[in-house]
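All remarks here apply to the structure that follows.
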Amino acid sequence: MFKLFRRRRDKPSVMHGVFQKLGQSVERSQRRAANYLNQKTATLSRRQTIAGLVLFCVLFGGSSAFTIWHSLRSSAGSIRIQNMKVPAHTIIIPNNDNNDLELTGRELYRIKSFRRYLDSLQQTKEGKAVYDSIARYRPGLLDSLAFIEQAYQLQLKTNEDEREK
């Protein structure tokens with residue numbers, strides 16, 4: 001009787017196991033490299049270790065400083081700004097102050113009827129397949145319809161506010 005209420009134990013995901021094994025492999029390699037370097041430097045005295053550290057810092061610090069200085073002084077390798085290529089299917093909206101979308105009631109009726117049609121498709125199995133294919137091949141369509149309806153509602157509200165003034 002209590003078997004129905006037994007808590008389900010989730011299995012760890014496959015990807016989690018792959019990343020865990022990959023992390024263990026990287027850690028093992030790092031450990032091997034650290035052990036190798038420790039063996040090579042074990043025979044050095046404290047003075048030699050400090051001298052090696054100072055030499056390392058001077059060499060790599062100097063090369064970093066030179067790279068920064070060279071990049072600031074030379075103009076040959078300067079970054080050129082180029083125009084961006086816009087795909088042909090992109091809709092470019094001009095940036096005007098009077099960029100209001102004005103929809104007529106007929107256009108809104110057509111949009112709402114299309115949305116009702118899409119919603120009715122989800123009632124049957126065959127319709128769901130058609131709906132899924134529309135959503136797959138026109139990924140922004142449903143969002144665009146919602147955006148247009150919101151813009152129309154905003155347009156109505158703005159027109160009402162202007163009439164009241």
Side-chain angles (χ1 to χ4, degrees), residues 1-95 101 111-154:
M1 179 167 125
F2 292 105
K3 289 181 181 180
L4 295 176
F5 299 107
R6 188 184 310 170
R7 195 171 155 193
R8 195 179 115 215
R9 292 186 182 130
D10 293 333
K11 295 180 182 178
S13 69
V14 175
M15 289 306 291
H16 177 69
V18 170
F19 288 124
Q20 190 175 18
K21 287 181 182 179
L22 183 63
Q24 289 171 352
S25 172
V26 168
E27 188 175 340
R28 218 174 307 122
S29 299
Q30 289 174 341
R31 181 62 50 204
R32 262 191 244 125
N35 289 338
Y36 172 77
L37 292 174
N38 282 335
Q39 287 175 357
K40 292 295 180 182
T41 58
T43 59
L44 297 178
S45 68
R46 180 172 170 83
R47 189 173 186 185
Q48 289 173 328
T49 305
I50 291 174
L53 179 63
V54 168
L55 181 66
F56 177 83
C57 291
V58 168
L59 283 175
F60 286 100
S63 66
S64 297
F66 175 76
T67 303
I68 292 169
W69 176 79
H70 181 69
S71 66
L72 294 175
R73 300 289 285 159
S74 69
S75 62
S78 62
I79 299 171
R80 286 180 238 113
I81 299 173
Q82 299 174 347
N83 288 336
M84 197 169 84
K85 294 181 182 178
V86 179
H89 63 277
T90 303
I91 299 172
I92 300 174
I93 300 173
N95 192 9
L101 295 173
I111 289 170
K112 283 187 174 184
S113 64
F114 183 65
R115 289 218 12 151
R116 279 193 300 271
Y117 167 71
L118 289 175
D119 290 340
S120 69
L121 284 176
Q122 294 183 352
Q123 303 301 320
T124 64
K125 190 174 184 179
E126 296 82 17
K128 181 104 173 104
V130 172
Y131 180 86
D132 290 342
S133 68
I134 289 172
R136 187 177 325 112
Y137 291 112
R138 303 283 186 219
L141 178 66
L142 303 174
D143 295 333
S144 297
L145 291 173
F147 173 76
I148 291 170
E149 287 180 13
Q150 287 176 353
Y152 183 75
Q153 297 300 328
L154 183 64

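For reference, positions follow the sequence shown, starting with 1. Worth knowing before you read on, the calculation uses all heavy atoms, side chains too, and leaves out hydrogens, waters and symmetry mates.
Here the CZ atom belonging to R28 is positioned 10.5 Å from the NZ atom belonging to K21, to the nearest 0.5 angstrom. Atom CG in D119 sits 12.5 Å away from atom NZ in K112 (nearest 0.5 Å). Here OG of S113 is found 11.5 Å from CZ of R115. Values are rounded to the nearest 0.5 Å.
For E27, the CD atom is loosely surrounded, since the number of other residues' heavy atoms within 6.0 Å does not exceed 12. Other residues, nucleotides and ligands contribute over 12 non-hydrogen atoms within 6.0 Å of the CZ atom of R116.
For T67 (side chain) and S63 (main-chain N/O), a donor-acceptor pair under 3.5 Å exists by modelled atom type.
Between F66 and H70, the ring planes lie parallel to each other; the angle is under 30°, not in the 30° to 60° tilted range.
Across S45 and Q48, no two heavy atoms sit closer than the pair N-OE1, 3.0 Å. Here the closest non-hydrogen pair linking L145 and F114 is CD1-CD2, 3.6 Å.
At a threshold of 4.5 Å between non-hydrogen side-chain atoms, the residues L72 and I68 count as touching.
For K128 and D132, the salt-bridge test passes: some basic side-chain N is under 4.0 Å from an acidic carboxylate O.
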